[in-house]
Amino acid sequence: MTSANDLHLYERHGDYIPRVAAVHDLCGYGKCSLGVAIPVLSAAGCDVCPVPTGLFSSHTAFPGWYMHDTTSIMKDYTDAWKGIGVEIDAVYSGFLGAPEQVDRIRDLYETYPNALRVVDPVMADHGKVYPTYTPELCDAMAELAAGADILTPNLTEAAIILGEPIGDDWCGTDISDAEAARMVDALVAKGAKHVVLKGIQREGESVIRNFVGGVDCDMFEAANEYLPYMLHGTGDLYCSCLMAAVMAGRSLRDAVVFAGDFTHDAMIVSAKQPDFKNRGVSFEPLLGKVAQLLG
């Protein structure tokens with residue numbers, strides 16, 4: 001097994017700017033999804049090619065949000081790339097609007113077989129599935145997760161992918177090292193090459209832990225200070241920062257540590273903003289730290 005310190009999933013060459021297909025929704029208010037992925041990956045010197053899976057007026061924690069499902073246009077949208085010779089170095093997917101969108105991501109995998117596959121299976125948190133997700137879409141997301149080079153579920157999403165109970169039976173975030181390792185190993189056994197299991201927070205502790213493992217690296221843990229408030233978009237920010245570091249040529253361990261530190265610092269910045277719990281995670285003043293990944 002390779003140490004995660006030595007495991008590099010993308011090799012950056014000279015002045016080449018890698019292209020990332022970012023398959024996420026676009027949200028007008030409440031920073032998340034493409035509103036996070038585009039600036040973060042751009043700051044890391046990536047050419048971000050967005051594939052919108054839906055258009056939202058705001059994130060779904062607000063009442064009265066509007067969604068436009070883009071499933072019907074996605075095939076023509078990505079097929080047009082082939083017609084003009086677009087090359088893609090990585091496919092990064094997040095929130096999906098319909099089960100058929102998984103087929104569109106598979107189309108991208110087929111068109112760009114050497115592209116790094118990063119799957120953030122955005123569908124649930126704290127034992128509850130997001131309101132736009134049907135059982136069919138959750139099943140499709142679980143299938144997509146099995147083909148990931150990097151999979152970044154929280155504990156609820158990991159349980160869904162593994163077919164384990166959530167809702168009233170959800171075990172919560174206070175799980176042991178052994179249980180976290182079991183879930184990581186089970187996700188790898190289902191086909192994910194590397195797994196970042198997010199959000200272990202034990203009663204009486206002031207840290208939040210992420211467990212990382214894979215087919216070719218030793219398991220390890222990364223921890224950050226636990227901040228006693230929740231913000232919309234932190235999962236998107238974490239995965240975007242993780243991918244930014246990977247695409248900058250950093251090791252998997254360095255990428256996981258960077259993503260945790262950046263998200264922690266962005267939450268502190270966010271708490272200084274008016275109406276911060278509804279506004280979403282504020283990261284803009286920190287983007288210089290992402291650019292420094294190229295140094």
Side-chain angles (χ1 to χ4, degrees), residues 24-25 27 30 32-33 53-54 56 58-65 67 69 71 93-102 105 119-148 151-192 195-205 207-213 226-239 263 277-278 280-281:
H24 294 252
D25 67 282
C27 183
C32 57
S33 306
T53 59
F56 281 80
S58 68
H59 62 64
T60 58
F62 284 103
W65 48 268
M67 175 191 177
D69 186 345
T71 303
S93 62
F95 180 93
L96 303 182
E100 295 80 8
Q101 293 185 352
V102 171
I105 295 172
V119 177
D120 187 12
V122 181
M123 55 181 165
D125 203 0
H126 292 89
K128 295 181 180 180
V129 176
Y130 294 146
T132 60
Y133 268 72
T134 63
E136 293 77 16
L137 181 50
C138 288
D139 289 344
M141 183 72 87
E143 292 176 8
L144 185 66
L151 177 67
T152 63
N154 60 39
L155 288 165
T156 308
E157 292 157 351
I160 293 170
I161 294 166
L162 295 172
E164 298 177 2
I166 60 168
D168 293 340
D169 297 320
W170 183 60
C171 63
T173 62
D174 188 353
I175 64 172
S176 66
D177 288 5
E179 176 64 5
R182 180 197 69 80
M183 296 184 81
V184 170
D185 287 341
L187 291 166
V188 171
K190 285 184 72 72
V195 175
V196 182
L197 181 65
K198 303 179 296 185
I200 292 88
Q201 205 278 314
R202 296 171 184 150
E203 187 175 356
E205 291 188 346
V207 298
I208 189 163
R209 307 170 188 273
N210 301 320
F211 278 76
V212 186
Y226 174 73
L227 298 172
Y229 49 91
M230 300 297 298
L231 290 175
H232 199 84
T234 51
D236 296 330
L237 181 61
Y238 180 93
C239 192
T263 303
K277 290 186 178 179
N278 288 324
V281 62

Compare every heavy atom of Cys138 with every heavy atom of Ile160, then report the nearest pair and how far apart it is. CG2-CB, 4.1 Å
So, the side chain of Glu143 versus the backbone of Gly147: is there a donor-acceptor pair under 3.5 Å, distance only? no
Return the OH to OG1 distance between Tyr133 and Thr60, rounded to the nearest 0.5 Å. 10.5 Å
Show the atom names and distances, to 0.1 Å, of all donor-acceptor pairs under 3.5 Å that link a side chain in residues 120-128 to residues at least two apart or in another chain.
residue, atom, partner, partner atom, Å
Asp120, OD1, Thr152, OG1, 3.0
Asp125, OD1, Asn154, ND2, 3.4

Can you measure from CG (Leu237) to SG (Cys32) and round to the nearest 0.5 angstrom? 11.5 Å
Test side chain to side chain donor-acceptor pair (under 3.5 Å) on Thr71 and Glu100; report intermediate values, then the result. CA-CA 7 Å; Thr71 303; Glu100 295 80 8; 5.2 Å; no
Minimal heavy-atom distance between Tyr226 and Gln201, with the atoms involved, is CD1-CG, 3.4 Å
Between CD1 on residue Ile208 and OG1 on residue Thr173, distance to nearest 0.5 Å: 7.0 Å
Enter the distance from Lys198:NZ to Tyr238:OH here, rounded to the nearest 0.5 Å. 7.5 Å
From CA spacing to verdict: side-chain contact (heavy atoms from CB on, under 4.5 Å), Leu155, Ile200: CA-CA 8 Å; Leu155 288 165; Ile200 292 88; 4.2 Å; yes
Is there a side-chain contact between Leu96 and Val102 in this structure, where contact means two heavy atoms from C-beta onward sitting under 4.5 Å apart? yes
Just wondering, do Thr53 and Ser93 contact through their side chains at under 4.5 Å, heavy atoms? no
Rounded to the nearest 0.5 Å, how far does CZ of Arg209 lie from CD1 of Ile175? 11.0 Å
What about Phe56 and Phe95, are their ring centers closer than 6.0 Å? yes
For Ile161 and Leu187, the nearest pair of non-hydrogen atoms, with its separation, is CG2-CD2, 3.6 Å
Is the shortest heavy-atom distance from the side chain of Leu231 to the side chain of Tyr229 under 4.5 Å? yes
Quick one: does Asp25's side chain have a donor or acceptor within less than 3.5 Å of a partner on Gly54's backbone? no
Interatomic distance, NE2@His232 vs OG@Ser58, rounded to 0.5 Å, equals 8.5 Å
Check the pair Leu144 / Ile105 against side-chain contact (heavy atoms from CB on, under 4.5 Å), numbers first and verdict last. CA-CA 8 Å; Leu144 185 66; Ile105 295 172; 3.7 Å; yes
Measure across Ala186 and Leu162 and return the closest heavy-atom pair with its distance rounded to 0.1 Å. CB-CD2, 3.6 Å
Residue pair Leu137 / Gly97: nearest heavy atoms and the distance that separates them: CD2-C, 3.9 Å
Residue pairs fulfilling salt bridge (charged side-chain N to carboxylate O under 4.0 Å, His left out) with at least one residue in residues 170-179, sequence neighbours excluded: Asp177-Arg202, Glu179-Arg182
Looking only at atom types and distance, does a side-chain atom of Asn210 sit under 3.5 Å from a main-chain N or O of Gly199, one as donor and one as acceptor? yes
Please name the pair of heavy atoms, one in Ala145 and one in Val119, separated by the smallest distance, quoted to 0.1 Å. CA-CG1, 4.3 Å
